[in-house]
Structure formats: C-alpha cells, structure tokens
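Here's the structure, in structure tokens; my notes come after.
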Amino acid sequence: MEREEPEGSCTLVSLCVRAVSSNMERLEPEVWELPSVILQDILPFLNIYYLDRIETAAVKKGLSTQSIWRKLCKDVMKLKPPKFETVTCWRKKFLEVFFHHVLRGILDVSCDRRLMDQRFSPLIHSSQYVTELTICNKLQGVLELTPPVVETLVNSVRTLKFLHLRSPDLARQQSLQSLLHRLIHHGDVNKVALLSWPAPDTYLLVLILSISAGFWVEHHRNPCRFCDTVTQNERDKILREKNPLLDSLVPCDGSLNEQDEEEIVDQYNLEYEKGQEETPSALLTLQPLNLDQRPWDEPPKMYHKSHCKATVASEPHGSSSSISKNSSHQDASTKLPLVASDQCTRPSPTSPKGFHAEIAKKNKCTTPYDNSSGVENSDVEAEDLYDFIFSVANEKKTRTSTGNKSLLGEKGTMGLNGLLGESCLGVPFLDTTRRFRSISALNLHNVPLTLEYCHILCNLLSTWVTLEKLTMAYNDLGLNIFPVLEALASLSHLEGCCLHTVSLSDFTVNIPTLELAHTLVTAFPSLRVLSLSFDLENLPERPRLDRSTFEFPEIQLEQLDIRFPREPLHTDDLLSLLRASRNLCEFSLDNATFSSFEELKHALQTLTEFNTTLKRLSFHDMFLADCQDEILLLLQKSHLEDVKFSFCHLFERRAVEFLSEMVYTLKRNSTLKTLKLCGNRLGNDGLILLADIFGDDSLSRVHCLDVSSNCIKSDGLLKFAKKLEDCQQRGVRLKLMLLSLSQNLLDRDPITAQEALRLLHGMCSVISDKWDSANAFSDHVSIM
C-alpha cells in the first residue's frame with residue numbers, strides 16, 4: 001500500500017517527494033533506479049504522464065500502480081467500479097477515458113496538477129491506450145486529431161463507435177473522411193458500430209459505410225502517401241473484377257477505337273435486355289442480388305454509342321493511361337470523377353430531348369483526353385462531361401415498389417448509384433473507387449433505415465466478402481428486410497465470403513421468424529452464430545411455405561438465440577432446426593409460445609437427444625411448469641455449464657417436490673457452474689433448499705447463483721446464510737462465488753436483511769439493491 005501524505009503536511013519525506021515529482025524532467029532516470037521502498041512513496045505524487053512512463057520500472061521492483069490509477073478514475077473521471085465487469089488494467093481504463101474527455105473538450109487538464117504538464121501532449125500520450133474510439137454528436141474533437149495523434153491511433157484502435165451523430169460542418173466531414181481512411185484502410189480497425197442515430201445524415205451514413213466496406217477514391221489534390229503502394233496493375237485488376245464486361249472488351253492499354261465502342265454498347269444493351277427477360281421479382285425470391293438492376297429501377301442503357309468514350313474516360317482507374325499523372329494536369333484530372341459541380345450548367349432533368357440535342361452540338365470530340373499520349377484535348381471543356389454524366393444519371397429514376405414517386409424527391413438526384421455518387425454526396429461511384437481492406441464486424445443499432453438507406457447498405461453488403469459479423473438492431477426495416485436478405489444471398493455466392501455471425505432485432509418482422517432462420521442458414525450453411533429477436537409479426541398476404549418440405553440442412557451453428565413475437569410457433573420447424581444443429585453450444589429461447597405443453601416437451605426431448613454438445617441454455621418468459629420431468633432429464637443427461645430459467649413459472653406446480661428433485665439432480669451434476677432462476681417465485685423455502693447443493697455430500701460446481709425477483713424475505717435469506725456458514729464451519733470449501741439477490745422483499749425487514757448480507761459478504765460476492773417492493777407492487781397493480 002502506498003502512503004499518501006495528508007494535505008498541507010510538511011514532513012521531510014513529503015517535501016522531498018514533492019521536489020522530486022516537480023523535477024522529473026531532469027531526475028527521471030535516477031528516479032527509476034531508486035529502491036522500491038522510496039519509489040513507493042513517490043508514485044502517488046507523479047502526474048499521469050510520468051506515472052505511466054515509470055510503470056515498467058515499478059513492476060520490475062514489485063510495485064503496482066493500479067490503486068493509484070483507480071483513485072484517479074474515481075477522483076478525476078468520476079467513474080464508479082462496474083458491478084458486472086472486471087477492470088484488468090485501471091491505467092488503460094483511465095487513459096482511454098481521459099483521451100475522450102480531452103478530445104471532446106469536457107475535461108480541462110489545467111484543473112488538476114496531476115493532468116497538466118507542458119512537456120507532454122495529453123492526446124498524443126493517451127492515444128496509445130485507445131482501443132475503442134468513440135465519435136459523438138457533431139464529430140466534436142475530430143479536428144483536434146492531428147497527424148501525430150492519428151498515427152498513434154492507427155496502431156491502437158480496433159473498434160470505431162459512432163454515437164448520437166448529427167450533421168457536422170464541412171471541415172469536420174473532410175477530417176472524418178481522412179480519419180476513416182487512415183484507420184480502416186491503412187490501420188487495424190476491424191469493427192464499426194453506429195448507435196442511436198434517429199435521423200441519419202445521408203452523407204455521413206454513406207461515407208462511414210462505404211469506407212468501412214473498403215471503398216475509397218483517390219484525391220489528387222490531397223493524395224494519401226499510403227495509397228501509393230497500390231500499383232497500377234492492381235488498380236486495373238480491381239476495375240476488371242468489378243466490370244467483367246470491360247475485362248473482355250477493353251484493351252489493356254485503355255485505348256478504344258470505334259469498333260470497340262460499338263461492341264461495348266451492343267453487348268451492354270444485350271445483357272440488359274436479356275436480364276429484363278430473365279429476372280423475376282427480386283423481392284420474393286432470394287436470387288443472387290445485382291442491385292444495379294433492381295426490379296423497381298430501370299437500369300441505364302448507353303443510349304448513344306458516340307458517348308461511350310466520354311463515359312469510359314470518366315473512370316479514373318479504367319486504364320493506366322486514361323488520366324495523365326503529369327502534375328500539370330492534376331487540376332483537370334481531379335474534376336473527372338465528379339458527376340456534378342456548382343459551376344456546371346445543368347440541363348433540366350425534365351427535358352431529355354433538349355439535353356441530347358445540346359450534347360450532339362458539343363460532341364465534336366468524344367473524349368477530353370487522347371489516351372495514347374495522355375495530352376489534354378482543349379476542344380472539349382470539362383463542363384461538357386459534367387453535363388453529360390449528370391443528365392444521363394437523372395434519367396435513372398429510383399422508384400419504390402408501391403408507386404412511381406422518385407425516391408429522393410424532386411431534386412432529380414439519382415438512384416442507388418446516385419446515392420453513392422459525388423453529385424449529391426461528395427462520395428464517388430463504387431465503380432470509380434479502389435477497394436482497400438474493410439472491417440470484419442458491422443453493428444447498426446437504433447439507426448432507422450429507409451428504402452433509400454437500405455439500398456445503400458445492400459449495395460455494399462452484396463460484395464462485402466471480409467464481413468464476419470453483422471448486427472442490425474431496431475432499424476425499423478419492415479418490408480426492407482427483403483432487400484437485405486437478397487444482398488446477403490448475393491454475398492453468400494461469392495468466393496471468400498466469411499460471414500459467420502448474423503444478429504437481427506427489431507420491433508416488427510415481416511417474415512415468420514423460423515422462415516427467416518431457414519433463409520439465412522440455407523444461404524450460409526457455415527453460419528456459427530444466429531440471433532433473431534422480434535416483438536411483433538406483421539406478415540403480408542403471401543403464399544405460405546410448404547411445411548412438408550420445410551427442412552433445415554445440416555448446419556454448423558454453435559450459438560442460436562431466438563426471441564419470438566407472441567405468436568404460436570411451428571414446433572416442427574424448431575425441432576428441424578435443432579436436429580440440424582448438432583454442434584450447438586449455446587441455445588436461448590425467449591417468449592416462445594407453443595400450441596400445447598406436449599410440443600414444448602418434444603422440444604426439450606430433442607435438446608436432450610440431439611444437442612449433446614450444449615453448454616449454455618437459456619429460457620425466458622415461457623411456461624415450464626408442465627415440463628418438470630423433461631427439465632430434470634435434461635440436467636441429468638447433458639453437459640450444461642450455464643442454465644437460465646427466468647420468469648418461466650418453474651415452481652408453480654409441485655413446488656416442494658420438484659425443487660427437492662431438482663436439488664438432488666444438481667448435487668450429482670459436476671458440470672454446471674452457473675444457475676439462474678430469477679423470477680420463478682422461489683420464496684424462502686425454495687432458497688433454503690438450494691443451500692443443499694453447496695453441502696459436503698454434493699458434487700456440484702455451481703459458483704454463480706441468481707435468485708433475483710423471487711419473493712425472498714429477509715428471514716429466509718438469513719436462514720440461507722446460516723446454512724452456508726454451517727457448511728464452512730464443518731470444513732466444506734464453499735464453491736459459491738457470486739450471489740444475485742436483486743428485487744426481492746428485503747426492504748420489509750432491513751435489520752434482518754443487513755445481518756444476512758453481512759454473513760454472506762464474508763463468504764462470497766453479493767449483488768443486491770435498494771428495491772422498494774411496495775412501490776413496485778403498486779406500479780404493477782396500476783398497469784394490470
């Protein structure tokens with residue numbers, strides 16, 4: 001334990017320690033060599049920068065700084081030790097929170113001598129401990145991320161979290177764009193989470209998602225020095241992979257003659273017409289998705305063969321010589337990827353005939369560059385190219401599945417490609433971008449996704465082969481879940497697809513939950529984790545699947561979590577899913593409504609017979625009182641380590657007899673470690689019986705017991721505590737380590753409750769609360 005002198009003390013030791021701490025700039029090497037008994041007195045007086053730097057020397061001398069960092073967290077950050085989290089390193093905890101507080105301007109380092117040192121930069125010094133970078137509101141602090149800070153974050157940040165975002169100014173947008181590019185494309189960020197964004201800003205959403213998926217366009221005015229490592233051959237390969245049509249038709253040198261352009265246009269239009277004949281409704285079928293040819297869009301045709309060269313020339317990475325790399329042409333080349341500019345004279349999107357006539361007048365030369373020489377042709381102005389692309393794009397109207405209203409209103413902006421185009425957002429077309437490393441985990445929580453936003457996401461998901469974990473929670477998808485499923489189906493057909501975790505949660509679902517599960521595991525047989533959670537069903541009128549052919553293929557699921565809407569489920573489908581999941585280790589069933597208790601019994605029997613690898617089982621808000629024998633058999637035959645029966649009416653029938661049988665079974669179970677029985681009206685007698693599983697004749701290894709919300713009173717808790725104390729006094733090594741008692745009736749006799757808690761605290765960790773049972777009961781009655 002370090003000794004901290006009281007405030008205002010003037011002992012010789014304190015004076016020397018303060019002198020040393022204020023002169024660490026000169027004395028640091030000598031301080032590191034001090035004996036541990038002296039160094040221990042100095043540590044509490046060091047500011048956070050030297051306290052961090054001295055860590056290695058302190059550890060070598062057998063000293064720990066953890067208690068000092070923990071006190072700093074409490075005093076400076078006002079952080080309370082988390083109840084359900086073990087902080088392994090308080091130094092990292094403090095410095096990571098410290099970084100974010102300084103970045104957002106909510107902490108003044110001058111307010112505390114321990115935080116202020118002109119020889120150190122607070123952001124640079126603490127950034128090395130930031131593994132999860134959180135960006136909030138209007139991107140506060142992004143402008144303060146100087147290159148030295150960013151370079152440190154590149155080596156430390158693994159998770160990017162965006163919280164409560166709002167539209168920022170242009171400077172912050174540009175800074176965020178560069179930051180994302182550096183951290184994701186040239187860093188080690190592998191997870192992006194967008195949380196609590198009730199009204200997403202279109203530009204920010206597209207920017208974050210497209211960069212997370214690995215897409216990027218080079219900015220010739222502000223080039224990235226790390227992008228120069230990608231060779232021109234790699235650029236050509238990327239383009240050909242995204243445009244297989246050009247791979248067979250465009251010469252490697254990027255040059256095109258008149259015959260070439262005619263072949264490209266003819267084959268393009270042939271593919272389009274063929275697709276029109278063969279493509280069924282994509283909303284109802286899970287065909288491989290091509291979102292550039294959605295059934296509610298009209299794919300653009302190359303109406304005029306004479307315009308082909310201008311279109312190809314607008315692709316900045318289409319060929320090695322399509323854009324001159326000479327510095328004298330950089331200004332012109334930076335304009336080429338743009339679809340529209342404020343300086344453009346934009347033709348009216350409502351008068352295409354006038355537009356084509358105007359283009360015909362300007363089309364004396366078909367391309368602003370001579371591809372063979374890389375010399376700019378002065379006969380065609382860049383604005384001509386802007387007008388051409390912008391007006392053709394305006395002819396592509398994205399329409400909803402229920403009407404002809406333009407998806408983006410009256411501004412004449414485009415469909416999905418337009419949403420990803422620089423004309424309206426400043427983000428490049430995907431076909432004109434390069435693809436870098438992308439993240440492996442995407443979390444969209446409480447981010448409403450309209451049809452427009454779903455198209456953006458789907459266009460990215462359909463090719464996001466590096467994506468391993470997809471979490472979408474409360475996005476208000478509705479019918480938009482079908483394009484998402486299509487995109488995932490398209491992704492599943494790509495070589496290298498490695499998606500192994502899918503989690504979907506929402507208030508309503510427009511497809512039966514088990515049909516949704518069938519769709520996903522059929523598309524991804526190697527899926528390891530599937531979590532589906534819904535409150536209500538809103539099923540449209542459509543043909544039901546043939547139940548006789550509704551069989552799940554053999555799958556690799558290791559974790560399955562399903563929260564059903566309050567609708568009777570098809571038990572045969574659930575049983576088929578369980579039988580197909582022979583590798584299942586974790587299974588959670590929430591709010592499942594069975595037509596009869598016999599069907600629930602069949603489900604429990606299937607778990608016992610087919611899912612022998614099961615380690616964790618959770619049932620919540622279900623009626624299990626009629627399946628007591630099946631529960632006992634499951635506990636006997638399985639190798640479960642974690643069991644949760646919460647609010648399952650478990651002891652509603654034959655309470656004493658069943659609980660005695662359950663305790664007998666648990667005493668002979670040597671695998672179970674965690675037992676959660678919250679909300680089952682266990683009562684005093686039930687809790688006292690549970691104490692027997694910790695007796696000297698028990699093989700049980702249960703070390704975590706949750707009996708919260710079980711109508712337990714103070715006197716029953718005291719008897720339970722004394723029973724455990726008797727076991728200890730007989731020499732039994734108590735295995736119980738954690739006991740949860742929240743929301744019980746302990747407030748009715750607080751004195752007895754305090755005595756019971758005092759005994760229990762001496763034997764294990766206890767989680768309790770100051771629950772007002774009278775008010776809770778009144779609230780319950782008022783809403784009945």
Side-chain angles (χ1 to χ4, degrees), residues 73 77 79 82 84-85 87-89 92-107 123 126-145 149-150 152-168 172-173 175-201 203-214 437-449 453 456-457 460-461 464 466-475 501 503-505 531:
C73 284
M77 303 301 172
L79 295 178
F84 304 102
E85 176 188 357
V87 178
T88 57
C89 182
K92 181 185 180 303
K93 180 78 171 179
F94 173 85
L95 290 171
E96 188 165 22
V97 176
F98 173 75
F99 173 88
H100 285 96
H101 280 29
V102 173
L103 184 66
R104 297 173 199 153
I106 60 177
L107 177 65
L123 289 178
S126 58
S127 58
Q128 60 187 308
Y129 295 97
V130 179
T131 56
E132 182 178 282
L133 178 61
T134 302
I135 299 174
C136 301
N137 301 322
K138 292 187 176 182
L139 311 182
Q140 278 88 344
V142 171
L143 292 177
E144 283 69 34
L145 292 176
V149 177
V150 173
T152 307
L153 292 174
V154 165
N155 297 317
S156 64
V157 175
R158 299 295 180 269
T159 299
L160 271 174
K161 182 183 292 185
F162 296 90
L163 187 63
H164 307 302
L165 286 187
R166 291 156 58 190
S167 299
R172 285 186 172 86
Q173 289 179 7
S175 295
L176 177 65
Q177 187 172 354
S178 299
L179 177 67
L180 293 175
H181 174 59
R182 186 70 181 93
L183 294 182
I184 295 176
H185 297 167
H186 301 298
D188 292 320
V189 169
N190 52 40
K191 179 180 179 180
V192 169
L194 295 170
L195 310 175
S196 300
W197 200 1
D201 177 280
Y203 173 84
L204 282 184
L205 181 64
V206 174
L207 177 68
I208 295 171
L209 289 180
S210 60
I211 293 182
S212 297
R437 72 175 296 274
S438 59
I439 62 168
S440 60
L442 176 64
N443 183 357
L444 300 174
H445 192 287
N446 194 22
V447 181
L449 297 176
Y453 294 148
I456 295 169
L457 176 63
L460 297 169
L461 281 181
W464 203 329
T466 63
L467 192 64
E468 299 176 3
K469 300 179 181 180
L470 174 64
T471 301
M472 298 180 65
Y474 299 99
N475 306 119
T501 298
S503 177
L504 301 176
S505 306
S531 178

| query | Taking C-beta and beyond as the side chain, do Leu165 and Leu139 meet within less than 4.5 Å on heavy atoms? | reply | yes
| query | Mind checking whether Val130 and His100 have side chains closer than 4.5 Å, heavy atoms only? | reply | yes
| message | Salt bridge check, Glu132 against Lys161: does any charged N sit closer than 4.0 Å to a carboxylate O? | response | yes
| task | Please check if the side chain of Gln177 supplies one atom and the backbone of Ser175 the other of a donor-acceptor pair under 3.5 Å. | result | no
| note | side-chain contact (heavy atoms from CB on, under 4.5 Å) with Val149: of Val154, Leu179, Leu123, only one passes, and it is Leu123
| query | Just by modelled atom types, is the Ile211 backbone N or O under 3.5 Å from a matching donor or acceptor in the His185 side chain? | reply | yes
| request: Determine yes or no for a side-chain-to-main-chain donor-acceptor pair under 3.5 angstrom, with Asp201 supplying the side chain and Tyr203 the backbone. | output: yes
| note | Separation between CG (Leu461) and CG (Leu209), nearest 0.5 Å, reads 8.5 Å
| said: Under a 3.5 Å distance rule, please check whether Asn155 uses its side chain to pair with a backbone N or O of Leu153 as donor and acceptor. | reply: no
| said: Rounded at 0.5 Å granularity, tell me how far CZ in Arg172 sits from CD1 in Ile135. | reply: 12.0 Å
| query | Can you tell me if Ser210 uses its side chain to pair, donor with acceptor, with the backbone of Leu207 under 3.5 Å? | reply | yes
| message | Can you confirm whether Leu176 sits close enough to Phe162 that some side-chain heavy atom of one is under 4.5 Å from a side-chain heavy atom of the other? | response | yes
| query | Between Leu107 and Met77, is any pair of side-chain heavy atoms under 4.5 Å apart? | reply | yes
| Rounded to the nearest 0.5 Å, how far does CZ of Arg104 lie from CD of Gln140? | 9.0 Å
| request: Taking all heavy atoms of Met472 and all of Leu470, pick out the closest pair and write down the distance. | output: CG-CD1, 4.0 Å
| Side-chain heavy atoms of Tyr129 within contact of Ser156, under 4.5 Å | no
| task | Taking Glu96 for its side chain and Thr131 for its backbone only, find out whether a donor-acceptor pair lies under 3.5 Å. | result | yes
| query | Closest approach of Trp197 and Pro448, non-hydrogen atoms and distance? | reply | O-CD, 3.2 Å
| request: Would you confirm whether Tyr453, through its side chain, and Val206, through its main-chain N or O, come within 3.5 Å as a donor-acceptor pair? | output: no
| Test item: Arg182 and Leu180 side chains (from C-beta on) under 4.5 Å apart, heavy atoms | no
| message | Let me confirm one number: the CG-SG distance from Leu103 to Cys136, rounded to the nearest 0.5 Å. | response | 9.5 Å
| Are Phe99 and Leu133 close enough that some pair of their side-chain heavy atoms sits under 4.5 Å apart? | yes
| said: Can you classify the ring geometry of Phe94 versus Phe98 as parallel (below 30°), tilted (30 to 60°) or perpendicular (above 60°)? | reply: parallel
| task | Output the distance between atom OG (Ser503) and atom NE2 (His445), rounded to the nearest 0.5 Å. | result | 8.5 Å
| Can you name the nearest heavy-atom pair linking Val447 to Pro200, along with the distance? | CG1-CG, 3.7 Å
Which pairs of donor and acceptor atoms, one on a side chain in residues 187-196, lie under 3.5 Å apart (sequence neighbours left out)?
none

| Note, Lys93 side chain near Cys73 side chain (heavy atom, < 4.5 Å) | yes
| In Å, rounded to the nearest 0.5 Å, how long is the span from OG of Ser212 to CG of Leu183? | 10.5 Å
| Test side chain to side chain donor-acceptor pair (under 3.5 Å) applied to Ser440 and Thr466, step by step | CA-CA 6 Å; Ser440 60; Thr466 63; over 6 Å; no
